[in-house]
Amino acid sequence: MSKPCFTTFQISEWKRSVAYTDTNVICDSFLDEGWYRVTSGAGEMMPTECPQFGFRCGTADPFYLSRGENLPCPEGESSENGFSPGCGTHPNITVPPPSVTTGFHDETTHSQEYNTLYTYHTIQFQCHTNTETKYTYDVRWYINDFEIIDAAHTNVVGNTLSFDTMLRQHHWEQLFKPNMMVQCSIQVREVSFTAPGPKSYSPEKFAGIIVGQNNFQIKEGDKNAVAVPISLTIPIGCSYPTNSLNIEQIKETKCLLNLLAGVPTYQTDPDKFCKGELSDEALAFETQQCGISFLHTDWQKQENVMVTGASDGVINIKERLTVLQLYHDIEKGTSNIKELNIWNGIMLPEIKFQVIDSDQVTLGSTCQSNNDPHMITFDGKHYELQRSAGEYVMYQHAQLPIRIHSVYQRCLEHSALCNCGAAVRSGDSLFLANFCNGNRYVKQFICDENDITIKEKTNGYFVTVPSGTKLDISMGHYSGFYGITHFHLKGSSLDYASTMGICGTYNKDRDDDFTLRDGSQHFDATTFAESWKIDKNADSLFNGIELPPLDFNAREYCTCKKQANTFPYGNPDYACNLTTAMEPCRGLTQSSVYNGRCKRITHERRKRSLEFIDDEEPEHIEIPLNDSDSKDPDMSWKNGWTMEKALQHCNNAFLATLSFAVCTDNVPSVPSENYINDCVLDIQITGDTQWVDVSTDNYASACLGEAMKMENLTETNTTGDGETETIFDQIAASTCPKNCSGNGICENGQCNCTHEYFGSDCSSEKSQAPVLAPDSFNGVCDTSLRKCQTYIVPGINFRKGELFCRYRPFKVVFNETVDGGITEELPGKYFSPFYMHCPSPTSRRKRSTTDEGSALGYRLSVSNDGKNFTEELTILIYNTLCLYCNITSMVCIELDTCPVVLVPVVVINNNNTPLIAGLCGGFATFTIILLIVIVTKKFSRRKVANDMTWSNQTDPPVASRAPIKTAY
């Protein structure tokens with residue numbers, strides 16, 4: 001800011017004259033900050049007397065120049081401050097403009113506080129100019145145009161000027177903080193003159209923290225982060241006991257300045273911040289935990305904040321603008337190094353960033369596995385994966401620890417394969433959706449919340465990893481098959497030129513999509529796919545007990561958010577350990593996903609009676625990795641179908657959907673022809689139309705997924721009826737499964753069913769019973785491994801809300817099933833569309849733990865409304881260390897491996913006092929004590945199959961006794 005007497009800014013405005021007395025005041029908010037000289041024919045001299053009655057010069061509170069005795073010295077005269085009194089003649093000597101330098105003032109003195117000798121390093125400023133010894137000099141100091149009176153020095157000899165006139169830290173630390181302007185002035189004196197000469201001012205020196213550049217342009221996900229240069233122009237103080245043995249350690253660990261980096265949250269639109277699976281965070285930082293440090297010993301070293309653009313997964317209409325704030329947390333000012341307190345709460349000017357969008361490359365770049373399965377690579381190459389069932393590497397990132405596997409099994413009578421399992425590994429965290437080989441579960445094993453984000457939808461899940469890659473899994477029940485209808489793997493800008501697996505090489509070049517695992521290329525789709533097949537459990541994401549280590553090479557990033565109204569207090573909310581420059585959203589709940597323990601930890605084998613298997617954890621049945629019946633499906637036309645008939649039928653089916661017109665017009669990167677072709681192939685393989693709805697739903701889902709990335713579709717348009725609606729709103733209201741079967745309203749791609757219906761497509765009536773999946777039900781509960789207090793009931797059409805479980809107990813007597821007891825009806829618990837939980841009945845919970853030698857059974861059925869129940873499932877509860885049972889024939893064999901049971905016996909002593917038999921020591925007791933112990937042989941735990949056979953044995957296992965008689 002310019003000085004008042006030297007300003008060059010002028011305002012030509014007669015209303016600012018003292019003669020103007022109108023009560024209307026003039027607003028100055030449009031003026032830049034600074035001093036102005038008023039020029040006007042109505043008068044431009046400042047008043048020297050108080051304007052009466054106010055409202056002069058266009059303001060309610062005018063001020064004036066008080067003449068008094070403090071008037072400027074006449075021309076040719078000077079004084080110590082340039083004003084009267086004390087004006088007089090001065091030597092005719094020109095003093096060169098001085099300069100200001102900074103450094104440490106070192107002092108060792110006795111500390112009253114610590115009662116020992118202390119060394120202090122504080123900030124000092126020196127004023128330099130060319131001097132002559134025959135003169136004396138006056139030096140004055142100014143900070144931000146305010147004179148520091150305590151630092152004024154007069155009549156200083158020229159050859160000691162720089163050392164005797166220093167501005168010390170104690171002169172200003174109570175009034176100012178760094179990021180201030182420091183200036184000195186020098187006046188020369190000679191004995192024969194009555195006054196010093198005029199002041200010669202130094203240039204202003206900035207004392208604080210310099211940001212080398214305040215405006216940047218960065219690209220989303222750019223691997224080459226930009227460096228924001230930060231440097232100091234003054235040193236960092238320090239103090240320590242002079243005789244300490246840890247002086248260097250104190251200097252390096254205590255005497256430092258930490259600057260935190262925070263992106264103010266006022267820039268974030270709360271309605272958009274986590275609308276998708278990636279946050280709207282604009283900046284990401286290379287790992288510095290949102291800050292940098294300057295050391296006392298190396299304070300002149302420049303530090304850099306490394307920043308890159310964070311991808312939001314959206315094709316933005318225009319570049320995003322954001323600012324970064326660097327500050328020192330005032331709450332960190334609790335160090336006993338008092339010389340550092342001047343930095344507490346300091347803030348730097350905002351640093352502006354223009355973030356250039358890089359997500360345009362992701363349009364149309366979705367790898368797909370549809371129906372049975374028809375494959376499309378990231379680059380749009382089509383092929384069929386129909387020959388060999390098993391687990392495949394669908395996607396593998398070249399630099400990041402991210403893998404996605406898919407599993408296919410035979411599900412149709414014409415030998416076609418179906419999608420049945422998906423596994424997503426990010427770092428050490430794992431997500432599993434498994435509907436293969438009788439499995440029926442969705443689990444997550446999260447080791448770090450930054451690894452995977454899971455968002456539930458009515459008929460599946462969105463799984464997002466830190467690269468921004470998103471897996472869309474949809475499930476359904478078609479043609480007697482319940483499982484995964486499609487995988488849609490949406491590539492991100494960080495996937496470009498970095499993917500491997502059966503999704504191909506993502507680089508907009510279809511010619512190299514069939515790259516084999518060994519890096520070579522092939523023209524044959526089957527050879528290509530087989531090279532990415534998993535052939536051993538150690539490499540499987542499904543069958544492995546724990547995850548193998550991953551080799552990867554990637555930088556680590558942080559995001560740093562700061563509540564705008566809390567500066568300069570507190571740390572920024574930072575999330576580090578991100579392997580890419582984007583942040584998945586947090587706090588998304590998944591009620592239908594079982595939470596397992598992190599698989600990177602090798603857990604010790606569970607100890608009997610100390611740790612039971614969780615009753616609510618779905619059982620895993622091993623998936624066969626080698627398909628002994630590899631063959632291509634029968635592609636002959638069946639049941640009178642031809643290519644022409646199938647094509648006509650599929651075209652008509654697509655035209656009848658709500659999504660077809662709006663998606664064709666507005667989302668050309670999802671061509672309907674691909675899905676119509678899938679529809680035709682399904683009719684060719686199956687000879688019927690049961691999978692037609694799957695193809696139309698796959699198209700709608702892909703369209704909605706692509707539209708979510710296109711920000712231009714969210715611009716508001718006005719419809720003919722005066723309502724406002726965006727194109728995205730139209731798409732989101734048109735892309736629900738089966739158009740909600742006419743029994744609901746489509747909102748944001750999901751059905752909101754009418755009162756009498758439920759389900760992802762509103763096709764199920766609330767009064768109808770669920771449909772069970774007996775092949776996936778584990779009817780044996782081993783009391784040596786589980787508490788048997790909850791049973792998992794697999795099936796479909798479970799309604800959220802009130803569910804019912806009905807138990808009919810039975811017992812086994814002489815290996816015959818005898819029904820008995822009271823039928824109980826208990827409330828069930830909804831867990832997912834594909835299974836529910838039933839709590840154990842009261843009779844089971846009251847059962848004694850001493851009944852390990854008997855078996856207990858129930859016939860279980862469930863209902864959505866308490867009236868219409870399903871068929872019954874059989875539950876058999878026993879200890880496999882004591883019994884070996886066949887749940888089909890209800891024959892149980894007693895084993896000789898049952899644990900030891902101690903039975904206390906009551907005896908009577910000579911005084912007719914009852915005693916509890918036990919072990920006694922010493923010779924003072926003459927009472928005979930009887931101890932009866934039932935002992936069995938030492939046992940070893942044997943694995944017992946929980947299937948419906950004798951574990952593939954022809955005869956039951958040999959036992960030491962005849963078949964046991966079991967009862968309550």
Side-chain angles (χ1 to χ4, degrees), residues 1-2 33-34 97-105 121-128 141-146 148 167 169 172-173 175-184 201-218 225-238 255-264 283 285-286 288-308 322-330 332-333 339-354 560 562 567-568 572:
M1 183 186 300
S2 63
E33 183 178 349
S99 62
V100 176
T101 62
T102 187
F104 284 117
H105 178 80
H121 303 287
T122 56
I123 302 171
Q124 70 176 20
F125 297 93
Q126 291 178 299
C127 190
H128 302 272
W141 289 96
Y142 311 88
I143 295 180
N144 297 343
D145 289 333
F146 290 93
I148 309 301
L167 175 66
Q169 184 169 327
W172 55 267
E173 61 185 352
L175 299 174
F176 298 95
K177 288 184 176 296
N179 291 354
M180 57 191 183
M181 303 302 295
V182 179
Q183 188 179 38
C184 69
Y201 290 91
S202 70
E204 290 183 316
K205 176 179 177 62
F206 178 79
I209 307 170
I210 291 180
V211 180
Q213 183 178 343
N214 287 87
N215 290 277
F216 293 89
Q217 188 178 76
I218 54 179
V226 300
V228 180
I230 312 294
S231 57
L232 302 181
T233 63
I234 53 176
I236 298 170
C238 190
C255 299
L256 50 82
L257 168 65
N258 292 317
L259 285 181
L260 301 176
V263 178
L283 302 180
F285 303 81
E286 288 192 3
Q288 296 165 307
Q289 294 199 343
C290 298
I292 55 176
S293 296
F294 291 92
L295 302 180
H296 162 78
T297 54
D298 198 14
W299 66 270
Q300 292 174 309
K301 177 185 176 183
Q302 175 181 295
E303 298 291 342
N304 296 308
V305 180
M306 305 303 296
V307 184
T308 189
T322 190
V323 299
L324 171 65
Q325 189 85 63
L326 289 173
Y327 67 102
H328 180 266
D329 180 11
I330 195 170
K332 300 299 182 184
E339 290 69 31
L340 299 178
N341 290 343
I342 59 173
W343 301 99
N344 291 346
I346 196 168
M347 292 177 62
L348 302 187
E350 291 181 338
I351 305 167
K352 299 177 177 61
F353 291 87
Q354 183 183 37
C560 310
K562 189 74 176 70
F567 286 108

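The shown structure was predicted, so the numbers you read here are calculated from the model rather than taken from an experiment. Positions are given from 1, in the same order as the sequence printed here.
Minimum heavy-atom separation, Pro178 to Ile346: O-CD1, 3.4 Å. Shown here for Phe294 and Ile230, the closest heavy-atom pair between the two residues is CZ-O, 3.5 Å. Between Met347 and Asn179, the shortest heavy-atom distance links the atoms O-ND2, 3.5 Å. Nearest approach of Ser202 to Gln183, heavy atoms of both residues: O-NE2, 2.7 Å. When all heavy atoms of Ala225 and Met306 are compared, the pair lying nearest together is O-CE, 3.9 Å. Annotation for Cys127 and Pro98: closest pair SG-CB, 3.6 Å, computed over non-hydrogen atoms.
Interatomic distance, Leu324 CG to Leu283 CG, rounded to the nearest 0.5 Å: 6.5 Å. In this structure, the separation between CD1 on Ile234 and OG1 on Thr101 is 13.0 Å, given to the nearest 0.5 Å. Within the model, atoms OG of Ser293 and CG of Leu256 stand 5.5 Å from one another, a figure rounded to the nearest 0.5 Å. If you take NE2 on His105 and CD on Gln124, they are separated by 6.5 Å, rounding to the nearest 0.5 Å. Note that the SG atom of Cys238 and the NE2 atom of His296 stand 4.5 Å from one another [nearest 0.5 Å]. Atom CD of Gln126 is separated from atom NE2 of His128 by 4.5 Å, given to the nearest 0.5 angstrom.
In terms of modelled atom types and a separation under 3.5 Å, the side chain of Gln325 and the main chain of Leu348 share a donor-acceptor contact. A donor-acceptor pair under 3.5 Å is formed between the side chain of Thr233 and the backbone N or O of Gly208.
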**OP:** Let me see the working for His328 and Asn344 under side chain to side chain contact (heavy atoms under 4.5 Å, CB included), right down to the final yes or no.
**Re:** CA-CA 6 Å; His328 180 266; Asn344 291 346; 3.4 Å; yes
**OP:** Begin with the C-alpha distance, continue with both residues' side-chain angles, and end with the deciding distance and a verdict on side chain to side chain contact (heavy atoms under 4.5 Å, CB included) for Glu173 and Thr122.
**Re:** CA-CA 11 Å; Glu173 61 185 352; Thr122 56; over 6 Å; no
Original post:
What do the steps show when you test Val182 against Trp141 for side chain to side chain contact (heavy atoms under 4.5 Å, CB included), and what is the final call?
Top reply: CA-CA 7 Å; Val182 179; Trp141 289 96; 4.0 Å; yes
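Considering Ile123, Val100, Thr102, Ile143 as possible partners of Leu167, the one that fulfils the side chain to side chain contact (heavy atoms under 4.5 Å, CB included) test is Ile143. With Leu257 as reference, Ile209 is the one residue of Ile342, Leu340, Ile209 to meet the side chain to side chain contact (heavy atoms under 4.5 Å, CB included) rule.
Side-chain polar atoms of Glu339 and Asn341 form no donor-acceptor pair below 3.5 angstrom.
Using a 4.5 Å heavy-atom cutoff, the side chains of Cys184 and Tyr201 are not in contact. Side-chain contact check for Thr297 versus Ile236: every heavy-atom pair is 4.5 Å or farther apart. With contacts defined as side-chain heavy-atom distances shorter than 4.5 Å, the pair Val307/Phe216 does not qualify. Annotation: side chain of Phe176 is in contact with side chain of Ile148 (closest heavy-atom distance under 4.5 Å). Phe206 has its side chain out of reach of Met180: every pair of non-hydrogen atoms, C-beta onward, lies at least 4.5 Å apart. Looking only at side-chain heavy atoms (C-beta outward), Val228 and Asn304 stay at 4.5 Å or farther from each other. For the pair Val226 and Thr308, the minimum side-chain heavy-atom distance is 4.5 Å or more.
Atom CZ of Phe146 has 12 or fewer heavy atoms from other residues, nucleotides or ligands within 6.0 Å.
Ring pair His121/Phe104 is perpendicular by interplanar angle, where above 60° counts as perpendicular and below 30° as parallel.
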